[in-house]
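Just so it is clear, the values below take in all heavy atoms, side chains as well, and ignore hydrogens, waters and symmetry mates. Read the numbers this way: they start at 1 and go in the same order the structure lists the ligands and their atoms.
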Amino acid sequence: MQRTLSILKPDVTRRNLTGAVNGRIESAGLRIIAQRRIHLSLEQAQQFYAVHQERSFFNDLCTFMSSGPVVVQVLQGENAVEQYRKIMGATNPANADEGTIRRDFAESIEANSVHGSDSFENAGIEIAFFFSQMDIVG
Ligand code: ADP
Ligand code: MG
């Protein structure tokens with residue numbers, strides 16, 4: 001069993017798609033073992049995405065991520081990190097496989113509906129950014 005951090009981005013909450021995306025997650029066999037709806041400040045978004053601070057899209061990304069509510073989640077399942085990346089689809093929805101969350105829901109390469117940790121190590125770091133042990137009920 002493995003855990004990964006998921007974020008349903010502001011384009012999902014704005015269009016009332018939280019349940020639709022959660023349905024995809026659960027249908028894939030991933031279990032939502034912690035979940036909270038929050039509104040990130042610009043500073044919190046910058047802190048979360050600090051690894052991208054040199055990228056050209058950093059400022060726009062952080063402005064977008066703090067533009068409305070997000071739903072932060074811990075997902076648990078077999079191979080959860082890789083499994084979630086698979087059902088998310090490619091970063092750019094134009095390149096995402098059919099049936100993936102981003103292909104079916106994303107608005108653009110920036111407003112691409114979901115975040116998922118990219119490695120087991122980063123999953124641990126990202127989960128600890130939002131959740132304490134008491135919040136996580138596996
Ligand atoms: P992923 O979310 O698939 O792991 P990255 O970690 O590379 O992708 O990028 C983080 C987020 O930054 C993406 O999910 C997307 O919202 C945004 N992003 C990535 N590349 C671009 C780009 N070229 N233009 C605008 N936004 C981007
Ligand atoms: Mg990433």
Qualifying residues under side chain to side chain donor-acceptor pair (under 3.5 Å), relative to S6, sequence neighbours excluded: Q73, Y84
same_hphob_cluster(V71, I7) at 4.5 Å side-chain heavy-atom cutoff: no
Heavy-atom donor-acceptor pair, R31 side chain to Q76 backbone, under 3.5 Å: no
Test item: Q2 side-chain N/O and F120 main-chain N/O as donor-acceptor pair under 3.5 Å: no
Atom pairs and distances, side-chain donor-acceptor, residues 129-138, under 3.5 Å, sequence neighbours left out:
unit_1, atom_1, unit_2, atom_2, d
S132, OG, D135, OD2, 3.2
D135, OD2, S132, N, 2.9

Residues in the immediate environment of ligand 1 (any heavy atom closer than 4.0 angstrom): K9, H52, F57, L61, R85, T91, R102, I109, E110, N112
Ignoring hydrogens and angles, write down the donor-acceptor pairs under 3.5 Å from the side chains of residues 46-59, residues two or more places apart or on other chains.
unit_1, atom_1, unit_2, atom_2, d
H52, ND1, R55, NH1, 3.3

